[in-house]
Amino acid sequence: MNSNTKIYIAGHRGMVGSAIWRALEAKGYSNLIGKTSAELDLRSQEAVADFFFTEKPDVVIDAAARVGGILANNNYPYQFLMENMQIQNNLIDYSLKADVQKFIFLGSSCIYPKMAPQPLKEEYLLTGPLETTNEWYAIAKITGVKACEAIRKQFGKDYISLMPTNLYGPHDNFDLTSSHVLPAMIRKFHEAKQLPVVSDQLSVVGDKKNDFSEDLPVTLWGSGTPMREFLFVEDLADAVVFALENKFQDNLYNVGTGIDLTIKELAELIQKTVGHTGEIVWDSSKPDGTPRKLMDVSKMEQAGWKAKVGLVEGIQRTYQWFLENQESFKEVKI
Ligand SMILES: NC(=O)c1ccc[n+]([C@@H]2O[C@H](COP(=O)([O-])OP(=O)(O)OC[C@H]3O[C@@H](n4cnc5c(N)ncnc54)[C@H](OP(=O)(O)O)[C@@H]3O)[C@@H](O)[C@H]2O)c1
C-alpha cells in the first residue's frame, strides 16, 4: 500500500463507505474511486465486469449493500437476500478475475446463530439456526464470508471479512421506518423535545417552570432489557484502514468495542445528550429481539486493533451531525 494505490470503495456514499473514504483521505491515500448506484448498479454483472476491466483497482472495499432494520427485512425478504448476493458476488468475482490483490468484505454480527454463546466468537459461524427476522440478509452475508474464505484458501489472495457490531455515527439513517435503534432514538427524543414557549403571560415573576412547556413522552419498543453493543462508524473505518495496511493471518474478524449496555441505559444516555426531560414509555407489546448480542473482539485485538471512541463521545458527535443535517431528511415523516 502507498498513497497512489488505487482503492475502490463500493458504497462510498453510505454511512460506512463515506467514513472509510474520509479515513483513507486523512491518511494521505489519494487514488480513491467511488461510484453511486446510479452510475454503477452493482447488481448488474455486465456493468461490474466493465468497471473492473476499465478501472483495474488494486484494492476493493465492499461497503455496498441493501441494509435496514427488522421491518424492512420482514417486508422485503427477497431483495435482502438476492440484491445483497448479487452485489457481493459481482464485486468478489470480478475482483478475483481482475487480479485485485486485497479485498475487504463487510458483513454484520447477524451472521452468527441466534442461540450462540455470548460474547460471539468467529468460530461460532454456522453452528446453529439464525435469528429469523433477518435471516435473508444474514444468509447473503454468510455466502460473502465463505466466498472470500474460498478465494483465500484456493488462490492465496488476501481477501478478508470484517464483521462489525451495530454501527452508528455521521450519515446514519434517521428514517424511522427503516432505521436502527440508536439513530431512531436520537430522532424520537429530539422531536419530542418542546421548544421554549415565549409568552408575556407565562414569563411573569420569573417562574421558570412555566416558561417552558413539558417535553412530550417518548415511546420505545420492548422492555428495554436486551443488551447491545455499539461501535462508532469512524472506529470501523479506522479498523478497515488497519486491515488494509496489515496482512491478516485468517479470513474472519469481529469488529466491535467488546462492551454492551441495556437498551434502557442507551435510551437514558441519548435522552441526556439530546436534553429531553419527558417520560420514557416502554411498549412491552412490541418484541425485544435477542436478549444479548455482544462480539468477542479478542481476535482483532490480537491482530493489533482496538476501538477508540467511547459511547458518550460517539453519541454526542452523532447528535451534533443530526442537528447540522436534519433539514436533509425532514421530508421523511414518522
Ligand atoms: N449500519 C450498521 O449498523 C451496520 C452494522 C454492521 C455492518 N454494516 C455493514 O456495512 C455495510 C454498509 O452499510 P451502511 O450502513 O453504510 O449502509 P448505507 O448507508 O445504506 O449505504 C449503503 C451503500 O450501498 C450502496 N448500494 C446499495 N445498493 C447498491 C447497488 N445496487 N449498486 C451500487 N451501490 C449500491 C449505496 O449506494 P448509493 O448511495 O449510491 O445508492 C450506499 O452507498 C453493509 O455491508 C452492512 O452490512 C452496517
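For the single chain, residues carry numbers from 1 onward in sequence order. Note that ligands are numbered from 1 as they come in the structure, with each ligand's atoms numbered from 1 the same way. The shown structure was predicted, so the numbers you read here are calculated from the model rather than taken from an experiment.
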Should [X] and [Y] count as an ion pair when the cut-off is N to O under 4.0 Å?
X: E229; Y: K293; value: no
X: K102; Y: D58; value: no
X: E83; Y: R66; value: yes
X: R317; Y: E313; value: yes
X: E149; Y: K153; value: no
X: K56; Y: D99; value: no
X: D260; Y: R228; value: no

**OP:** Measure the acute angle between the ring planes of F80 and Y137, then classify it against the limits of 30° and 60° as parallel, tilted or perpendicular.
**Re:**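 It falls in the perpendicular class, over 60°.
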Original post:
Which class fits the ring pair F52 and Y94: parallel under 30°, tilted 30 to 60°, perpendicular over 60°?
Top reply: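 F52 vs Y94 ring planes: tilted.
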Would [X] count as a polar contact of ligand 1, with the cut-off being nitrogen or oxygen pairs under 3.5 Å?
X: T165; value: no
X: R13; value: yes
X: S37; value: yes

Check each heavy atom of [X] against ligand 1 and say whether those closer than 4.0 Å belong to the side chain, the backbone, both or neither.
X: I87; answer: side chain
X: N173; answer: neither
X: R66; answer: neither
X: V16; answer: both

Original post:
Do other residues, nucleotides or ligands put more than 12 heavy atoms under 6.0 Å from the NZ atom of K264?
Top reply: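 No, because the 6.0 Å sphere around NZ of K264 holds 12 heavy atoms or fewer from other groups.
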Specify the protein heavy atom at minimum distance from [atom]: its residue, its atom name, and the distance to 0.1 Å.
atom: atom 12 (C) of ligand 1; answer: A63 O, 3.3 Å
atom: atom 31 (N) of ligand 1; answer: D41 OD1, 3.0 Å
atom: atom 8 (N) of ligand 1; answer: G107 O, 3.7 Å
atom: atom 43 (O) of ligand 1; answer: G14 N, 3.1 Å
atom: atom 27 (C) of ligand 1; answer: A65 O, 3.4 Å
atom: atom 20 (O) of ligand 1; answer: V67 CG2, 3.3 Å
atom: atom 32 (N) of ligand 1; answer: L42 N, 3.0 Å

Original post:
Do W21 and E25 have side-chain N/O donor and acceptor atoms under 3.5 Å apart?
Top reply: yes
Would the distance check show the side chain of [X] and the main-chain N or O of [Y] forming a donor-acceptor pair, the cut-off being under 3.5 Å?
X: Q101; Y: D158; answer: no
X: E234; Y: A19; answer: no
X: K141; Y: L106; answer: yes

Give the atom numbers and elements of ligand 1 that come within less than 4.0 Å of a heavy atom of [X].
X: S108; result: 6 (C), 7 (C)
X: P164; result: 6 (C), 7 (C)
X: L106; result: 45 (O)
X: K141; result: 44 (C), 45 (O), 47 (O)
X: A64; result: 24 (O), 25 (C)
X: R43; result: 31 (N)
X: T36; result: 40 (O)

Original post:
Centroid-to-centroid, F105 to Y159, below 6.0 Å?
Top reply: no
**OP:** Answer yes if the ring centres of H180 and Y168 are under 6.0 angstrom apart, and no otherwise.
**Re:**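 That pair fails the under 6.0 Å test.
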Original post:
Hey, is N84 one of the residues with a heavy atom under 4.0 angstrom from ligand 1?
Top reply: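 It does not, in that no heavy atom of N84 comes within the 4.0 Å cut-off of ligand 1.
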Original post:
Does M163 reach ligand 1, in the sense of a heavy atom lying below 4.0 Å from it?
Top reply: no
Subject >> Verify atom 36 (C) of ligand 1: protein non-hydrogen atom under 4.0 angstrom away >> reply: no
Who's closest to [atom] heavy-atom-wise, of [options]?
atom: atom 47 (O) of ligand 1; options: Y137, F230, Y168, F105; result: Y137
atom: atom 15 (O) of ligand 1; options: H12, E83, M15; result: M15
atom: atom 33 (C) of ligand 1; options: N90, L40, L167; result: L40

